[in-house]
There are 2 protein chains.
Amino acid sequence: MGITSRDVARLAGVSQPTVSRALRGDPRVSEETVRKVRMAADALNYVPSEAGRSLSTRISHRIGVLVTDVANPFYPHLVGPLHDELEQRGYRMMLFTERSEAAASAERLVDRSIDGLVLATSTLDSALPAELSRRGLPFVYLNREGTTPADAVAVDNRLGGEQVARQLVADGHRHIGGIFGPDNTSTGRDRELGFRQALADAGIALRPAHVRHGPFEFETGLGALPELLAADPAPTAVFCGNDVVAIGVLDAARRLGVDVPGRLTVVGFDDIPMASWASFELSTVRHDLRGMARTAAGLLVERVSGEYEGEPRRVVLTPEFVGRRTHRAPSAN
Amino acid sequence: MGITSRDVARLAGVSQPTVSRALRGDPRVSEETVRKVRMAADALNYVPSEAGRSLSTRISHRIGVLVTDVANPFYPHLVGPLHDELEQRGYRMMLFTERSEAAASAERLVDRSIDGLVLATSTLDSALPAELSRRGLPFVYLNREGTTPADAVAVDNRLGGEQVARQLVADGHRHIGGIFGPDNTSTGRDRELGFRQALADAGIALRPAHVRHGPFEFETGLGALPELLAADPAPTAVFCGNDVVAIGVLDAARRLGVDVPGRLTVVGFDDIPMASWASFELSTVRHDLRGMARTAAGLLVERVSGEYEGEPRRVVLTPEFVGRRTHRAPSAN
DNA sequence: GGCTACCGTGCATACGTATGAATGAGAAGG
DNA sequence: CCTTCTCATTCATACGTATGCACGGTAGCC
């Protein structure tokens with residue numbers, strides 16, 4: 001095992017550099033030679049060593065993807081499209097989880113084993129973006145923002161929050177609650193901001209007893225709903241930081257025997273496929289999750305390949321409220 | 001950018017090899033020198049190049065993970081633990097999707113950019129395992145089997161199928177259906193085999209009209225249930241190839257207004273976290289998904305690191321029926 | 001027929017790290 | 001004071017591919 005271009009060269013009766021050029025399609029190599037080299041390579045089952053190539057070209061053709069937690073039902077919908085888009089553009093995907101401490105994390109990312117990084121997570125106050133920038137590793141923000149300048153793709157989260165608020169107000173809700181994402185994430189913060197602003201414009205305030213914050217996880221919604229319902233008056237509608245949280249809320253409602261949407265309106269964000277399952281039929285805010293991921297991959301690849309070298313680009317997608325089963329006017333009561 | 005060990009050597013006033021040895025903890029280097037080298041490395045923010053190291057040691061410290069489709073809610077529960085276990089053992093994870101055609105797939109896997117591969121998918125009739133074996137890339141079967149000898153970790157799928165059959169029979173079901181996985185997967189085949197065998201032992205046959213096969217996806221269950229219920233007599237219980245399929249069935253039941261478990265018993269396989277959500281409370285077959293993934297990672301790492309060189313090892317986990325809400329005796333009718 | 005131009009190939013070397021072998025400086029011993 | 005031995009370090013080189021440059025051969029041109 002371990003066939004090298006030298007072995008191929010020997011068999012084909014040419015030099016090692018000629019093998020390299022022939023297989024890479026260098027036009028300076030004669031057709032006849034290309035044919036010989038191809039045959040020899042096939043005969044030996046030669047596959048160029050990626051390590052050798054990386055060392056020589058200083059390009060790894062690998063892109064890192066950093067997420068918080070793969071098992072969270074939200075992330076696969078980013079990771080899948082990212083993988084496909086990267087593969088299509090000739091890059092392989094390395095997957096990293098944020099759980100490991102940030103310091104060691106930066107180290108392992110800048111060892112030149114990846115050409116760039118998709119930052120699909122990480123909190124606003126993280127030092128990672130600055131660190132990456134300092135170390136010269138190109139990256140793109142995906143579904144988040146950051147102060148360190150870099151390409152970015154995200155939804156207009158404020159607008160999405162506003163849309164939900166307007167819908168709830170129009171439906172006649174006055175006692176409204178929110179289970180928002182973490183304060184130190186742009187998605188969490190902006191969705192809440194837009195939501196609050198639009199409510200305020202309608203003269204409605206969010207009572208602290210109707211508000212919770214937590215990670216974008218099923219358990220957050222599951223745990224928060226009972227607390228919100230214990231308030232007096234209880235909210236008649238709850239806006240959730242994202243669909244995963246909202247589905248946690250729906251689960252809690254089932255456990256508590258709370259009728260949705262009869263007694264409680266629930267709205268999510270993202271419109272992941274699960275949201276449209278008959279078990280949930282979650283009213284939510286739709287945006288092009290798949291397109292967002294692929295766009296991010298595209299921006300990053302253009303950046304690492306040198307195809308684009310200008311100022312950081314920022315792509316903002318427009319969200320759209322999609323009404324399903326889980327929202328309705330509050331019961332007369 | 002692009003600090004090398006030579007730069008560190010120059011600053012520390014030593015030779016390049018000494019830098020390499022000092023940072024790698026070679027005992028032959030004096031404490032004093034180690035200190036100097038460390039300081040120089042820190043001052044320059046030096047991070048060893050993975051490409052250079054890989055080329056020299058012929059070890060990439062990367063492990064590939066091949067799955068069918070990341071977006072399928074089952075896979076994240078393998079990918080997550082795999083990532084964690086690999087990281088803990090000093091390996092990074094490259095994620096591959098099966099969608100790309102197998103031929104090109106093998107090529108990109110054997111370019112020495114990964115030390116080994118976790119085969120978490122791929123059908124029985126795939127040529128990939130044989131190809132990997134021929135090319136000398138170590139791999140481990142995870143949640144599947146294969147004829148090409150290699151380390152493997154899987155559940156006792158036949159036993160699991162038997163357990164479900166016995167439960168359904170004990171519950172009094174006589175008209176039983178199955179929505180099994182693909183014939184050309186060991187999980188699909190063995191679960192079906194065990195199930196059929198135990199039913200046969202109880203003198204019960206599966207009518208062809210009560211049986212469907214399909215990929216382990218939500219849509220499979222969703223699409224198959226209406227067909228099964230159209231049979232006369234309709235089945236009073238359905239065993240599904242895995243939880244994802246079962247949840248598709250539950251979704252279809254909701255759409256059709258079919259009461260579960262009142263009119264229909266549904267049983268899955270795997271006990272993914274979603275199965276225990278209040279929205280589903282799916283009766284299923286539990287096994288240690290996380291442990292299975294971590295074990296596979298362990299076996300593979302021991303193999304690629306040379307820690308173990310013996311015969312292929314096979315770890316088989318014992319499944320256990322876990323009764324929740326979705327199974328019950330058939331209605332008198 | 002000699003000069004230039006061009007084309008295809010080989011030569012030399014770079015990429016960054018790791019490691020066996022050689023070297024040098026001391027220390028220990030006679 | 002010379003030898004022997006040990007220890008820390010340097011030297012030389014390997015890993016596999018890519019690429020600037022030199023080179024040899026052929027064709028074209030006057």
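Fair warning: this is a prediction, and the values are worked out from it, not measured in the lab. Note on naming: letters A, B, ... go to the chains in the order of the sequence lines (proteins, then strands), and numbering restarts at 1 for each one.
Within 4.0 Å (heavy atoms only), B:T4 reaches sugar-phosphate atoms of the nucleic acid but no base atom. B:R6 comes within 4.0 angstrom of a nucleotide base, judged by non-hydrogen atoms across all strands. Across all strands, B:T18 comes closer than 4.0 Å to base atoms (heavy-atom distances). Across all strands shown, A:V14 has heavy atoms under 4.0 Å from sugar-phosphate atoms exclusively, and none from any base.
Each of B:S30 and B:L55 has a nearest nucleotide on DNA chain D; the 5'-most of these lies closest to B:S30.
For the pair B:I114/B:L137, a side-chain contact is recorded, criterion being any heavy-atom separation below 4.5 Å from C-beta on. The shortest side-chain heavy-atom distance between B:L289 and B:F74 falls under the 4.5 Å cut-off. Residues B:L44 and B:L11 are in side-chain contact: their nearest non-hydrogen atoms beyond the backbone lie under 4.5 Å apart.
Scored by the side chain to side chain contact (heavy atoms under 4.5 Å, CB included) test, A:R313 finds A:D151, A:L299, A:E302, A:Y308 as partners (sequence neighbours excluded). Considering only residues two or more places apart in sequence or on other chains, B:R28 meets the side chain to side chain donor-acceptor pair (under 3.5 Å) condition with B:D26. For B:D115, the side chain to side chain donor-acceptor pair (under 3.5 Å) partners at least two apart in sequence or on another chain are B:S60. Shown here are the side chain to side chain donor-acceptor pair (under 3.5 Å) partners of B:T57, two or more places apart in sequence or in another chain: there are none. Looking at residues two or more places apart in sequence or on another chain, you find a side chain to side chain contact (heavy atoms under 4.5 Å, CB included) between A:T187 and A:N143, A:N157, A:T185, A:R191, A:F216. Partners of B:A154 under the side chain to side chain contact (heavy atoms under 4.5 Å, CB included) rule, at least two apart in sequence or in another chain, are B:E145. When the side chain to side chain contact (heavy atoms under 4.5 Å, CB included) test is applied to A:D111, the partners found at least two apart in sequence or on another chain are A:S113, B:V47, B:E50, B:R92.
Residues from residues 38-47 of chain B with heavy atoms under 4.0 angstrom of DNA chain D: there are none.
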Nucleotide N/O of nucleotides 20-23 of chain D paired with protein N/O under 3.5 Å:
unit_1, atom_1, unit_2, atom_2, d
D:dG20, O6, A:R21, NH2, 3.2

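A:H61 has its NE2 atom 12 Å from the C1' atom of D:dA18, to the nearest Å. If you take CG of A:L23 and P of D:dA18, they are 9 Å apart, rounded to a whole angstrom.
When all heavy atoms of A:V67 and A:A120 are compared, the pair lying nearest together is CG1-CB, 4.1 Å.
Applying the ring-ring contact (aromatic ring centres under 6.0 Å, His included) definition to pairs two or more places apart or across chains, those involving residues 32-65 of chain A are A:H61-A:Y91.
One side chain, B:Q88 or B:R294, offers a donor N or O that lies under 3.5 Å from an acceptor on the other.
Axis deviation across the helix from C:dG1-D:dC30 to C:dG30-D:dC1 amounts to 60°, comparing end segments of five pairs, rounded to 10 degrees.
Of all nucleotides in DNA chain C having an atom under 4.0 Å from a heavy atom of chain A, the first and last in 5' to 3' order are C:dG8 to C:dG16.
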